[in-house]
Every structure is written in structure tokens, then in C-alpha cells.
Undergrad: 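Encoded as C-alpha cells, here's the structure I'll be asking about.
Computed over heavy atoms, backbone and side chain alike; hydrogens, waters and symmetry mates excluded.
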Amino acid sequence: MEKKKMAFAGSWYPANAAECEASIKGFLKEKPGPFDGSFIGGIVPHAGWYYSGSIACRVIASLQSDEKIDTIILFGAHMHKQSESFILTHSSVETPFGQIEVDEELTDKIIARIRIRKMLPFKFPDENTFELQYPFIKYFYPDAKIVVCGVAPSFFAAIIGSMAVEQANNLSRNVRIIGSTDMTHYGPDFGFTNAGTGTKAVEWVKNENDRNAIKAMMEMDESKIIAQGLENKNMCCAGAVAASAAACKKLGAVKAVELDYATSFEKSASASFVGYAGVLYSLS
């Protein structure tokens, strides 16, 4: 059966299992390491592993539990407000550690309840928002299946997130939620320079623009999340974040914690740079 093949392996992240595992083991030792707690979802960045893999890895590792995790629900995709949300219908996604099987039963239940575009593996877009997370998911949850959903930044995002969890609960699935977004894309490369250049611009992104987006994430306020992303350009996938917040609230999340924050400027000082945040949603 046709599977969704890797498109970014060997460039955005290592192409083979041994190199991926070495990177993951290194990420887990970085500050702060994975958090212990009753975390049922999180927000991760999706730049190349060199830039943001550490944050994504540690967030996803923090979702582990003594109980078996049946399915990971992954929300992402670069989309406009008017875009049509979409979902991978069947088969599997490829990773250096092996394939992750799509939870077709849960996917079918979601499709039956909401209007969403069904996409076959060979037509599914090459999205770094999704693929950069697949190796982490396979590494930490080797037996889990996956639901992969692109979510537009509109009011419908919260409905998708909530409905996905409702159907997972109906099937008695023990799920974890992952939302994939980078933060402010600042500088001439992105046509966004309203805070000038240099250190002043970096500080504005870190302490004001991205901080406002993270505040909305922490409050799990779907409307504020969408508004921040659209009005302040501080989330490239605000729909995925809103869907994740709604899904986690449906699962019973009552608190959010920030695991880490960084920008690409720390790795490579440039007039154009991107912010990365790692947030976790907890039951207690």
C-alpha cells in the first residue's frame, strides 16, 4: 500500500536511524530536559533539527506515560484562513525508524463528523510541520498509530480539535496531542521588519511578539491564538495550535507550562530569524 514518503530526511534531519537516535539522545540532555507530569499534549516547533529539534524532541518525550499510548494526533500545516483543512486518510508515514501506521478507524470517525478534505498518501503535501515530528513520535511511541491533520487558522480549528478527541474517546483510544508551529518569522527574508534590525528587533520578537502568542497558548484560548497568529504574525500555524488547545481541554487539561523558547538567531545571527516555543498541557 502506498505510504507517505520522507521528503526532508538528510537535509532537515538525519536520514538514517542511527544518526537520528544520536541526535535525540543529545537533545534529551539539553536544558531543560523532558518534564515529568501528567502531560497529554504539547506545542512543538518544526524548523530543521539543528535549529529547533531539541525543543520539539523534549516536548514530545514529556508526553510519555506508564500507560500504553494508542494514537498520536498531530495538527500542523502552513495554511491561510480560507484554506480547507485536510487529513491523511490511510496507510502509513515513513520515518528512519520505520513506518507509523495511520489510525484509519479514528480518522474515518473524524471524517464522518466534520467537513474536512480527505487526502491520499501520494497526494499528501510535503509539510515540514508534520514530517519533522515523525521520527520523534516513532522513537518515543514505537507502537502508536497516528492521525495527521492540517488545520486552517479559523474558528473551525477548535471544532476539529474537540471533535478529534470526542471520537478518540468513543473508541477508547488513549491519545496524545501535538500541535506544530514556529513563532515569529522576522526580517527582510520574511517581509516583516516593523521593529527595526539588530538586537532591538530580536528582543522585540522574544519579549513582546512571541511572548504574546505564548501567553495565548498558555491560556488555551483558541480565539486569542487565532487572532495572535493572523494579526501579529507570531505563529505560522495558528490553526494547529488552536486545534491542539481545544483537543487538550477536551481531554481535561487544566494547566500549561512552557518547556523552552529559543530563536534561530542564537544558532546563526542574521537579520532574518525565527522563534521557537515548546509548551505542554497538563491534567493537573
Undergrad: Would Phe86 and Phe124 count as a ring-ring contact (aromatic ring centres under 6.0 Å, His included) if you check the C-alpha gap in whole Å, the side-chain angles of each, and the deciding distance to 0.1 Å?
TA: CA-CA 9 Å; Phe86 60 88; Phe124 201 76; 5.5 Å; yes
Undergrad: Just by modelled atom types, is the Ser272 backbone N or O under 3.5 Å from a matching donor or acceptor in the Asp189 side chain?
TA: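 No, the answer is negative, given that no donor and acceptor are paired below the 3.5 Å cut-off.
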Undergrad: Any side-chain to backbone donor/acceptor pair from Glu266 onto Thr263? Under 3.5 Å, distance only.
TA: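 A pair under 3.5 Å: yes.
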Undergrad: Kindly confirm or rule out a cation-pi arrangement of Lys233 over Phe192, judged by NZ or CZ under 6.0 Å from the six-membered ring centre and within 45° of its axis?
TA: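 Output yes; distance and angle both within limits.
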Undergrad: Where does the angle between the aromatic ring planes of Tyr134 and Phe130 fall among parallel (under 30°), tilted (30 to 60°) and perpendicular (over 60°)?
TA: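 Rings of Tyr134 and Phe130: parallel, as their planes differ by under 30°.
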Undergrad: Do the side chain of Glu104 and the main chain of Ser91 share a donor and acceptor less than 3.5 angstrom apart?
TA: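 Confirmed, Glu104 side chain pairs with Ser91 backbone.
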Undergrad: Is the centre of the Phe136 ring less than 6.0 Å from the centre of the Tyr141 ring?
TA: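 Between Tyr141 and Phe136, which both carry aromatic rings, the centre distance is not below 6.0 Å.
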Undergrad: May I ask you to decide if Pro14's main-chain N or O and Glu19's side chain share a donor-acceptor pair within less than 3.5 Å?
TA: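 No: the side chain of Glu19 does not pair with the backbone of Pro14.
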Undergrad: Distance only, no hydrogens: is a donor on one side chain within 3.5 Å (strictly under) of an acceptor on the other, for His78 and Glu127?
TA: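 His78 vs Glu127: donor-acceptor pair found between side chains.
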Undergrad: Would you confirm whether Thr129, through its side chain, and Gly76, through its main-chain N or O, come within 3.5 Å as a donor-acceptor pair?
TA: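 Side chain of Thr129 to backbone of Gly76: no pair is present.
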Undergrad: To the nearest 0.5 Å, tell me how far Asp260 CG sits from Cys57 SG.
TA: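 Interatomic distance, Asp260 CG to Cys57 SG, rounded to 0.5 Å: 12.0 Å.
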Undergrad: Just by modelled atom types, is the Lys31 backbone N or O under 3.5 Å from a matching donor or acceptor in the Arg58 side chain?
TA: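 Checked: pair present.
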Undergrad: Can you see whether Gln228 engages Asn212 through a side-chain donor-acceptor pair at a distance of less than 3.5 angstrom?
TA: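 There is no such pair between these side chains.
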Undergrad: When you check the side-chain N and O atoms of Tyr261 and Asp210, is any donor under 3.5 Å from an acceptor?
TA: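 Per modelled atom types, Tyr261 and Asp210 side chains form a pair under 3.5 Å.
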Undergrad: Looking only at atom types and distance, does a side-chain atom of Ser154 sit under 3.5 Å from a main-chain N or O of Lys81, one as donor and one as acceptor?
TA: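 A pair under 3.5 Å: no.
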Undergrad: Within 45 degrees of the ring normal and closer than 6.0 Å to the centroid, is that where the cationic atom of Lys255 sits relative to Tyr281?
TA: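 Verdict for Tyr281: no cation-pi partner in Lys255.
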